[in-house]
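Have a look at the structure below, then the notes.
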Amino acid sequence: MPQEIEPKWQQIWAERGVMKASDSSPKPKFYDLVMYPYPSGDLTVGHARNYVMGDVLARMKRMQGFEVLHPFGWDAFGLPAENAAMKRGNIHPETWTLGNIAKGKAELKMMGILYDWDREVTSCLPDYYRWTEWLFLLMYERGLAYRAMAPVNWCPVDKTVLANEQVINGRCWRHPDVEVEKRDLEQWFFKITDYADRLLADLALLDKWPNKVRVMQTNWIGRSEGAEVEFPVVGLEGEVVRIYTTRPDTLFGATFMVLAPEHPLVERITTEEHRARVREYVEKARKETEIERQSTERAKEGVATGGFAINPVNGEKIPIWVADYVLITYGTGAIMAVPAHDERDFEFARTYSLPIREVIAPDDGPSDTLREAYVGPGRLVNSGEFSGLDSATAIDRICEWLQAQGKGKRAVKYRLRDWLISRQRYWGCPIPIVYCSVDGIVPVPLDQLPVVLPKEYKPLADNPSFWKTTCPKCGEEARRETDTMDTFVDSSWYFLRYTDPHDATRPFDPELANHWMAVDQYTGGVEHAILHLLYSRFFTKVLHDAGLIEVSEPFMRLFNQGMVKRFGQVMSKSLGNGVSFDELVAAQGADAGRIYEMFIGPPEEDVEWTDAGLNGVSRFLQRVWRLVLEPEKIVVEGSGADASALSRKVAQTVGKVTEHFDELRFNTAVAALMELANTMQDYLQRGGERDERWVGAVRTLVKLLNPLAPHVAEEMWERLGEKGMLADASWPVYDAAVAAEPRLTLVVQVGGRVRDRLTVEPGLSEADALAAAMGSDKVRGALNGRGPSKVVYVKDRLINLVP
RNA sequence: GCCGAGGUGGCGGAACAGGCAGACGCGUCGGUCUCAAAAACCGAUGUCCGCAAGGACGUGCGGGUUCGACUCCCGCUCUCGGCACCA
């Protein structure tokens, strides 16, 4: 197999513009998207797995007659560029980034991965980020971008704030060893919480997403239903503590209240006598890290404020405490404590000898609420007029009562918080806002976009030539916003830019976006199960509401590929276990590498890269080459070649491979092709004729191999044409007619009950089908010792079967 | 603790609207070629008994349904992922 065929075909594909997507093609569209990468410059064959999958799918869909949009781009803003710049002295982040992009692009081409490079998107270039700024202003205009002072997560290493989604177990997502700090800062937020209900509800539409991802998003959004209730504070006229509870049926069991240490009422409620201790406690809580505070292991501690509140349902006077097991960030930052029916409250009550009153009796026997909290539903006791009701009814009734009395109302809460998008970094998309002492916050007018990132690499706040400006409204001196945006803002809409990448007047043409959207297949790592996918869904919904796009969900089908490991660790250049594209192509060629990436294991699983495995795939390709172009070299070693078995195998393989490709089960698709090659080899070894049937098998093998090993397949196809073995030597088209040939199913009934189904060869006569059915173990087993039975064609044609 | 996904040869893994378990590949063993080795090619390869024909046992464990269970049901167990004081 000659080596030089790879550059040859890569050049031909480029010249022919094979992967250029036409906006006006009459063919059905297929939008095949891979998550655009951060150009870190350490691309290995591990990363390539994702791109090979996308390419195989794109090539297959093209062969099947789709107009395929298969674009690529770069998530080019972000911290690693700044870190590299710092480490290497005077390299500008842009130089570093664009250099890596050029390198990465060449490597992808080397693997025969085809994109419509005319649509390439690079998020750090002004012709892209201009529209990121534009979209920020759209958010602002729609009331979805706001500036607020809030306790935010601060990464002390990256020296910037982080979104909630970027904090994992209280640590920075980029530095698993570094705990984030809480700081009170005024920052920009996107109001993603306005979309919480829709982001949750529409998950139901995404039935082609991995269940795992949908569950993760559901949990992240964290909807809960309950009630907000107001407890008047004793001695403070008109002042109430508002609490949120999911169990209004336990209201009569509230024996105390707890405020989060940060709760604004703490100071006012605390009595003189308790002030010193409360202040000390609040101070201590503030100093603790999130990790310490959020540990469920640790004992619950708190202090009494000396203040009291009135339980609105029974007028009871109950003490108000402060404890850090109540979070200021969830609900109202205050709770009613029902120790008999909440484990946390129970633990707290036991620690401080607070009263425990049972108000829910379990349906199945007595509970012992002095030993442990009963958290399940049951029948209300000790609950005044509501006693005797079951939990569900009581929740309804009590909510109605609260509402009627003006003391509370039903409420829905989410765990999801607004998306903090400010970053105190240079290498990001500028936030197009100006602060004027007269006009306040002033958005940069659309015709003044983009706010260009200055060439000089230093903090924007230290660069007066950047931030010194004039107010767009009044013309007085003003100051620009010097924070940049989270790079996840850039990536929340790039899939839309691909549909209209050169538009100089808007982010995208709605008509083009509507033509290509939604993405039919989206492939990328599961690490974005929440972050990127949630943000992109949010953006899409906002754009939908703004009338810019018809779809309200961006990605119809999602696939998360597993990682490639070597020596037990994820492949990476810095760990020294990476295999580069050059090494791979030099060792066994791009096609062997591509097939190996697909064959190495189930696409969603993590896999271990071995050179021996790659070698095996290489042998397979060599064998195919011999079978297709040099069959005379195969030594005849036996007899009894079965031509009809060969034909059957060919038909079977077409069906299998098509199915497996469609389901992205590339490993079994490759296995099916290997089986076909083995059968073909066996056929020749047994002295099979190289007749029309043989040529048919050869053609099928080459066609099916094309998406996986395009260089070799194209070369073989061309040479077959030269040998006169093809009626038409043009670009191979997937034989949809063969692929779609329906299989005939017999339904086996025994005693009127469907016992089994049996797939038989298509094209059989009724008698032959019957004979086939009777001859199968499946049917014989089903009929074993049974009475009169019958076999039924799926389309209501009955055949009597005599056992 | 809660939620989710999984346990199949020496290894990665196939098969599953119930029907010949172990496809395909790796590895190992034997052979061809070679002075030799590697590569390549050909063949064997679940375990146990047997010279063989053949037989027994086999999909984490224990039950169940069925003519028939890796597949369905019930109960365990272990592994991996996610979330976790969310009131």
Side-chain angles (χ1 to χ4, degrees), chain A residues 168-170 210-220 222-224 226-227 243-248 250 254 257-258 260 293-300 323-327 329-338 341-345 347-348 375 413-417 526-527 529-530 560 595-596 599-602 604-620 622-623 626 633-635 637-638 656 660 665 667-678 681 685 745 747-748 750 754-759 776-786:
Chain A
I168 295 155
N169 291 333
N211 187 42
K212 180 184 177 183
V213 175
R214 289 191 300 176
V215 169
M216 282 168 73
Q217 292 215 355
T218 303
N219 292 341
W220 187 261
R223 181 191 152 97
S224 79
I243 61 101
Y244 171 73
T245 177
T246 53
R247 293 293 302 273
T250 64
M257 303 188 78
V258 185
R293 273 194 64 168
Q294 305 240 330
S295 165
T296 49
E297 319 278 281
R298 124 194 127 124
K300 299 210 171 359
D324 65 2
Y325 79 91
V326 174
L327 308 174
T329 46
Y330 185 78
T332 59
I335 62 157
M336 65 169 187
V338 185
H341 306 293
D342 181 283
E343 282 163 12
R344 297 153 299 182
D345 298 343
E347 190 189 330
F348 196 78
V375 297
K413 296 284 176 202
Y414 298 92
R415 186 182 170 282
L416 183 71
R417 317 279 156 67
V526 72
E527 66 273 18
I530 293 172
N560 299 125
I595 298 185
Y596 184 49
F599 183 62
I600 187 167
E604 69 280 7
E605 298 289 331
D606 290 352
V607 290
E608 175 77 16
W609 182 279
T610 64
D611 294 341
L614 176 62
N615 213 35
V617 168
S618 192
R619 271 200 291 271
F620 162 67
Q622 297 283 353
R623 169 179 296 191
R626 268 199 311 278
K633 287 191 183 167
I634 308 268
V635 182
E637 286 178 335
K656 263 194 196 172
H660 292 174
R665 289 158 56 210
N667 55 327
T668 48
V670 175
L673 286 171
M674 287 174 166
E675 275 187 66
L676 176 60
N678 290 347
Q681 166 125 353
Q685 283 178 344
T745 305
V747 180
V748 181
V750 176
V754 174
R755 292 303 296 257
D756 224 318
R757 283 152 221 267
L758 173 75
T759 305
S776 84
D777 289 348
K778 211 171 171 178
V779 173
R780 272 207 309 269
L783 295 179
N784 183 25
R786 302 275 148 169

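Letters go in sequence order (proteins before strands), and every chain restarts at 1.
- Here, B/rG9 and B/rG54 have their C1' atoms 22 Å apart, quoted to the whole Å.
- Under the 4.5 Å side-chain criterion, counting only non-hydrogen atoms from C-beta, A/Asn667 is not in contact with A/His660.
- What separates OH of A/Tyr596 from C1' of B/rC26 is a distance of 8 Å, to the nearest Å.
- Toward the 5′ end of RNA chain B lies the nearest nucleotide of A/Phe620, the other residue of the pair A/Arg223 and A/Phe620 mapping further downstream.
- Picking from B/rC24, B/rC85, B/rG13 the nucleotide with the shortest atom distance to the side chain of A/Glu675 gives B/rC24.
- Per the geometry, CE belonging to A/Met674 stands 14 Å off P belonging to B/rA14, to the nearest Å.
- The side chain of A/Arg415 lies closest to B/rA84 when the candidates are B/rA84, B/rA14, B/rC24.
- For A/Phe348, the ring pair (Phe, Tyr, Trp, His ring centres under 6.0 Å) test picks out A/Phe256, A/Trp321, A/Tyr325, A/Tyr352, with sequence neighbours left out.
- With both ends at atom C1', the span from B/rU59 to B/rA40 equals 36 Å, rounded to whole Å.
- Closest to the side chain of A/Asn678, out of B/rA87, B/rA23, B/rG25, is B/rG25.
- Nucleotide B/rU79 forms a pair with B/rA5, judged by Watson-Crick or G-U wobble geometry with both contacts under 3.5 Å.
- Looking at A/Leu673 and A/Ile595, their side chains never come closer than 4.5 Å, going by heavy atoms from C-beta outward.
- The side-chain heavy atoms of A/Met257 and A/Ile243, taken from C-beta on, include a pair separated by under 4.5 Å.
- The nucleotide whose nearest atom lies closest to any side-chain atom of A/Asp324 is, among B/rC85, B/rC24, B/rG82, B/rC85.
- Only the C1' atoms considered, B/rU65 is 15 Å distant from B/rG75, to the nearest whole Å.
- When side chains are defined from C-beta on, A/Val607 does not count as touching A/Phe599, because their heavy atoms never get closer than 4.5 Å.
- Computed from coordinates, the A/Lys300 NZ to B/rC85 C1' distance equals 5 Å when rounded to whole Å.
- Rounded to an integer number of Å, the gap from A/Ile335 CD1 to B/rC85 P is 14 Å.
- Heavy-atom distances to RNA chain B give each of A/Ser224 and A/Arg665 a nearest nucleotide, and the one nearer the 5′ end belongs to A/Arg665.
- Atom OG1 of A/Thr610 and atom CD1 of A/Ile600 lie 6.5 Å apart (nearest 0.5 Å).
- B/rG43 and B/rC48 have their C1' atoms separated by 24 Å, given to the nearest Å.
- Nucleotides B/rG7 and B/rC72 have their P atoms positioned 11 Å apart, rounded to a whole Å.
- Taking a pair to require two hydrogen-bonding distances under 3.5 Å in either a Watson-Crick or a G-U wobble arrangement, B/rU59 remains unpaired.
- With rounding to the nearest 0.5 angstrom, the CD atom of A/Gln681 is 4.5 Å from the CZ atom of A/Arg623.
- Atom CZ in A/Arg247 sits about 11 Å away from atom P in B/rA87, given to the nearest Å.
- Applying the Watson-Crick and G-U wobble criteria (two distances, each under 3.5 Å), B/rG43 pairs with B/rC29.
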Taking only N/O atoms, report every protein-nucleotides 4-8 of chain B pair under 3.5 Å with atom names and distance.
none

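- Annotation: side-chain contact (heavy atoms from CB on, under 4.5 Å) contacts of A/Thr246 (sequence neighbours excluded): A/Ser224, A/Tyr244.
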Legend entry - Where protein sits on nucleotides 37-44 of chain B, one letter per nucleotide: B base, S sugar-phosphate only, - none, heavy atoms under 4.0 Å: ---SSSS-

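- Here the closest non-hydrogen pair linking A/His341 and A/Val375 is O-CG1, 3.6 Å.
- Residues meeting the side-chain hydrogen bond (donor to acceptor under 3.5 Å, both in side chains) test with A/Glu604, sequence neighbours left out: none.
- Shown here are the side-chain hydrogen bond (donor to acceptor under 3.5 Å, both in side chains) partners of A/Asp611, two or more places apart in sequence or in another chain: there are none.
- When heavy atoms are screened at a 4.0 angstrom cut-off, A/Val326 is found touching base atoms of the nucleic acid.
- Here the separation of B/rG27 from B/rC74, taken at their C1' atoms, is 40 Å to the nearest Å.
- Glycosidic conformation, B/rG60: anti, with the torsion outside 90° of 0.
- Taking atom CG on A/Asp342 and atom P on B/rA87, their separation rounds to 9 Å, with Å as the unit.
- Distances were taken from every side-chain heavy atom of A/Ala612 (C-beta onward) to each of B/rC26, B/rG25, B/rA87; the shortest belongs to B/rC26.
- Rounding to whole angstrom units, CG of residue A/Asp606 and P of B/rU79 are separated by 18 Å.
- Summarising the base pairing, B/rC24 is matched to B/rG12 through a Watson-Crick or G-U wobble pair whose two defining distances lie under 3.5 Å.
- A/Trp220 has its CH2 atom 15 Å from the C1' atom of B/rC3, to the nearest Å.
- In this structure, A/Gly616 reaches the sugar-phosphate backbone alone: every heavy-atom distance under 4.0 Å involves primed, P, OP1 or OP2 atoms, never a base.
- Judged purely by distance below 3.5 Å, without hydrogens or angles, the side chains of A/Asn219 and A/Arg415 never pair a donor atom with an acceptor atom.
- For the P atom pair drawn from B/rG25 and B/rA14, the interatomic distance equals 15 Å after rounding to whole Å.
- For the OP1/OP2 pair of B/rA84 and a distance below 4.0 Å, the side-chain nitrogens and oxygens of A/Asn219 include no atom meeting the criterion.
- Taking the P atom of each, B/rG6 and B/rC41 are spaced 37 Å apart, rounded to whole Å.
- Nucleotide B/rU71: unpaired (no Watson-Crick or G-U wobble partner with both distances less than 3.5 Å).
- OP1 or OP2 of B/rA87 has at least one side-chain nitrogen or oxygen of A/Tyr330 nearer than 4.0 Å.
- Across all strands shown, A/Leu673 has no heavy atoms under 4.0 Å from either base or sugar-phosphate atoms.
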